[in-house]
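The structure appears right after this line, and notes come after that.
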Amino acid sequence: MAITTASAPGKIILFGEHSVVYGYPALAVPVNEVQATCRIEPLPAGTGVVIVAPDINFTAALSTIPGNNPLAAAVRHALAACVPSPMLSARITVTSNIPIARGLGSGAAISTAMVKTIGAYVEHTLSPQKLADIVFAVEKIHHGTPSGIDNTVIAFGQPVFFQRSHPIERLSVGRPLTLVIGDTGIKSPTYKVVGDLRRRHNANPARYNGWFQSMGRLAADARQAIESGQLDRIADYMGRNHALLQQIGVSSNELDRLVSAAIEAGARGAKLSGAGWGGNMIALVGDGQADSVARALHQAGAVQTIVTTVG
Ligand code: PMV
């Protein structure tokens with residue numbers, strides 16, 4: 001079999017993080033500036049599969065890796081999906097420049113790159129939906145109760161309007177959006193933020209359901225604004241979504257500082273993106289503004305900025 005490589009992008013959520021877990025719609029887009037990449041090369045027959053992840057100094061034979069390891073789970077699920085399940089002897093190497101636990105979908109991108117590459121290596125066509133489903137099974141190991149938005153946007157590799165238990169809808173973008181992504185540098189595992197919010201929601205469901213409903217409405221309205229290219233409306237909705245995320249207790253001083261710095265530097269709108277408590281925020285900028293907003297974010301403490309264009 002021939003050496004095979006494939007990649008998958010990072011992602012950011014534009015609207016609807018957290019409320020999406022409770023069944024409301026959300027919007028997410030791929031971030032192609034960061035990627036997870038997988039390479040598979042054949043080994044002599046009978047050697048079995050070896051997984052190598054140099055970024056985390058990991059090398060192990062698949063047969064020795066426990067079932068709850070996400071890298072091994074991605075390989076096992078991918079092989080199981082390729083009927084008849086091939087007996088593989090190959091080295092599977094995965095690398096990624098997507099920061100971990102910052103809301104950029106690094107786990108889902110790594111799984112997607114691995115599953116895609118395995119499918120291509122054994123010449124088994126996996127549809128984007130099948131890919132998303134396999135990665136979702138692996139995501140459950142990372143997150144416990146993921147909504148499914150990360151695996152969907154990354155497996156499809158295009159902007160999505162996502163709602164749990166609904167068929168995926170593509171999000172069309174009426175006018176390109178330039179976003180500056182600012183990283184607080186603080187790792188924030190999604191399962192912790194989601195679990196903590198779940199406890200607060202259970203203690204006061206009426207209050208939290210009201211906030212989630214407002215976020216869902218914003219995501220639906222933002223879809224229309226994005227499709228018709230109305231930047232002022234999108235920016236306004238970003239500010240309102242951030243305020244709601246503050247109310248449900250998932251922002252942080254560092255995120256709020258970056259959001260304010262972006263607005264003061266002339267960004268049209270800004271909000272945290274992803275689980276919160278750390279990780280990334282996003283700022284929507286006008287033509288020629290990306291550099292000055294990125295500079296302001298660094299001055300306010302961002303450890304990394306990425307400029308990406310949607311659409
Ligand atoms: O993994 P993150 O940080 O992009 O967060 C995912 C978004 C949440 O809505 C908070 C969780 C989920 O499963 O949708």
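Computed from a prediction, not measured in an experiment: that's the story for all the values here.
Here the CD1 atom belonging to Ile226 is positioned 5.0 Å from the CD1 atom belonging to Ile234, to the nearest 0.5 angstrom. With values rounded to the nearest 0.5 angstrom, Leu245 atom CG is found 7.5 Å from Ser251 atom OG. Note: Ile181 CD1 to Leu104 CG = 6.0 Å, rounded to the nearest 0.5 Å. Atoms CG and CG, on Asn253 and Leu255 in that order, are 9.5 Å from each other to the nearest 0.5 Å. Expressed to the nearest 0.5 Å, how far CG of Leu62 lies from CG of Leu71 amounts to 10.5 Å. The line from OG1 of Thr178 to CG of Leu284 is 7.5 Å long, rounded to the nearest 0.5 Å.
Contact check for Met114 versus Ile51: side-chain heavy atoms found under the 4.5 Å cut-off. For the pair Asn151/Pro146, no side-chain contact is recorded, criterion being any heavy-atom separation below 4.5 Å from C-beta on. Taking 4.5 Å as the limit, every side-chain heavy atom of Lys130 sits out of range of all side-chain heavy atoms of Val115. Annotation: side chain of Met281 is in contact with side chain of Leu297 (closest heavy-atom distance under 4.5 Å). For the pair Leu171/Arg223, a side-chain contact is recorded, criterion being any heavy-atom separation below 4.5 Å from C-beta on. Side-chain atoms of Val75 and Ile65, non-hydrogen and from C-beta on, never get closer than 4.5 Å to each other. By the 4.5 Å heavy-atom criterion applied to side chains, Ile154 and Pro30 are not counted as neighbours.
Put simply, the side chain of Asn32 never gets that close to the backbone of Pro9: no donor and acceptor are under 3.5 Å apart. His18 places a side-chain N or O within donor-acceptor distance of the main-chain N or O of Ala275, the cut-off being under 3.5 Å. Side-chain N or O atoms of Gln163 include one that pairs as donor or acceptor with a backbone N or O of Gly23 at under 3.5 Å. Between the His242 side chain and the Leu272 main chain, a donor and an acceptor come within less than 3.5 Å of each other. In terms of modelled atom types and a separation under 3.5 Å, the side chain of Ser111 and the main chain of Ala74 share no donor-acceptor contact. For the pair Asp55 (side chain) and Ser96 (backbone), a donor-acceptor distance under 3.5 Å is present. Remark: side-chain polar atoms of Thr309 are not paired, donor with acceptor, to backbone N or O of Leu177 under 3.5 angstrom. No side-chain donor-acceptor contact under 3.5 Å links Arg91 to the backbone of Val52. Formation of a donor-acceptor pair under 3.5 Å by the Arg164 side chain with backbone atoms of Val20 is not found in this model. In this structure a side-chain-to-backbone donor-acceptor pair under 3.5 Å is present from Ser188 to Gly276.
Pairs engaging residues 40-78 under the ring-ring contact (aromatic ring centres under 6.0 Å, His included) rule: none recorded [sequence neighbours left out]. Under the salt bridge (Lys or Arg N to Asp or Glu O under 4.0 Å) criterion, the residue pairs touching residues 261-277 are Glu17-Lys271, Asp232-Arg268, with sequence neighbours excluded. Among residue pairs with one or both ends in residues 284-307, none qualify as salt bridge (Lys or Arg N to Asp or Glu O under 4.0 Å); sequence neighbours excluded. Contacts classified as salt bridge (Lys or Arg N to Asp or Glu O under 4.0 Å) and involving residues 136-158 (residues at least two apart or in different chains) are given here: Lys11-Asp150. Residue pairs satisfying the ring-ring contact (aromatic ring centres under 6.0 Å, His included) criterion with at least one member in residues 170-225, sequence neighbours excluded, are listed as follows: Tyr22-His201, Tyr22-Phe212, His201-Phe212, Tyr208-Trp211.
Salt bridge present: Arg240 and Asp236 bring a charged side-chain N and a carboxylate O closer than 4.0 Å.
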(request) Kindly indicate, with the supporting measurements, whether the criterion side chain to side chain donor-acceptor pair (under 3.5 Å) is fulfilled by Ser228 and Gln230. (result) CA-CA 6 Å; Ser228 53; Gln230 294 174 274; 2.8 Å; yes
(message) Test side-chain contact (heavy atoms from CB on, under 4.5 Å) on Leu244 and Leu218; report intermediate values, then the result.
(response) CA-CA 10 Å; Leu244 286 162; Leu218 274 179; 3.7 Å; yes
(request) Show your reasoning for whether side-chain contact (heavy atoms from CB on, under 4.5 Å) applies to Leu126 and Lys116. (result) CA-CA 7 Å; Leu126 294 167; Lys116 243 187 189 177; over 6 Å; no
(message) Is there a side-chain contact (heavy atoms from CB on, under 4.5 Å) between Arg207 and Arg200? Walk through the geometry before answering.
(response) CA-CA 10 Å; Arg207 199 162 180 213; Arg200 281 179 283 127; over 6 Å; no
(request) Take Arg102 and Gln304, measure what side-chain contact (heavy atoms from CB on, under 4.5 Å) needs, and give me the verdict at the end. (result) CA-CA 11 Å; Arg102 315 278 176 81; Gln304 190 185 356; 5.5 Å; no
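One side chain, Asp133 or Gln129, offers a donor N or O that lies under 3.5 Å from an acceptor on the other.
Of all heavy-atom pairs between Gly16 and Asn241, the closest is N-OD1, 3.3 Å. Ala265 and Ala296 make their closest contact through CB-CB, 3.4 Å (heavy atoms, listed as atom of the first residue, atom of the second, distance). The two atoms that bring Gly216 and Pro25 nearest to each other are O-CG, 3.7 Å, heavy atoms only. Taking every heavy atom of both residues into account, Gly249 and Trp277 meet most closely at O-NE1, 2.9 Å. A pairwise comparison of heavy atoms in Ala73 and Ile141 identifies CB-CD1, 3.4 Å as the closest pair. A pairwise comparison of heavy atoms in Thr117 and Ala6 identifies OG1-CB, 3.3 Å as the closest pair.
The hydrophobic clustering, which links ILVMFWY residues whose side-chain heavy atoms are closer than 4.5 Å, places Leu79 and Met1 together. Cluster membership for Ile168 and Phe136, using ILVMFWY side-chain heavy atoms within less than 4.5 angstrom, is not shared. Cluster membership for Val285 and Leu258, using ILVMFWY side-chain heavy atoms within less than 4.5 angstrom, is shared. Under the 4.5 Å side-chain heavy-atom criterion for ILVMFWY residues, a single connected hydrophobic cluster contains both Val250 and Tyr24. Linking Ile, Leu, Val, Met, Phe, Trp and Tyr residues whenever their side-chain heavy atoms come within less than 4.5 Å places Ile282 and Ile149 in a single cluster.
Just one of Thr112, Ile92, Thr95 meets the side chain to side chain contact (heavy atoms under 4.5 Å, CB included) condition when paired with Cys38; it is Ile92.
The side chain to side chain donor-acceptor pair (under 3.5 Å) search around Gln246 returns Asp256, not counting sequence neighbours.
Atom CD of Glu169 has more than 12 heavy atoms from other residues, nucleotides or ligands within 6.0 Å.
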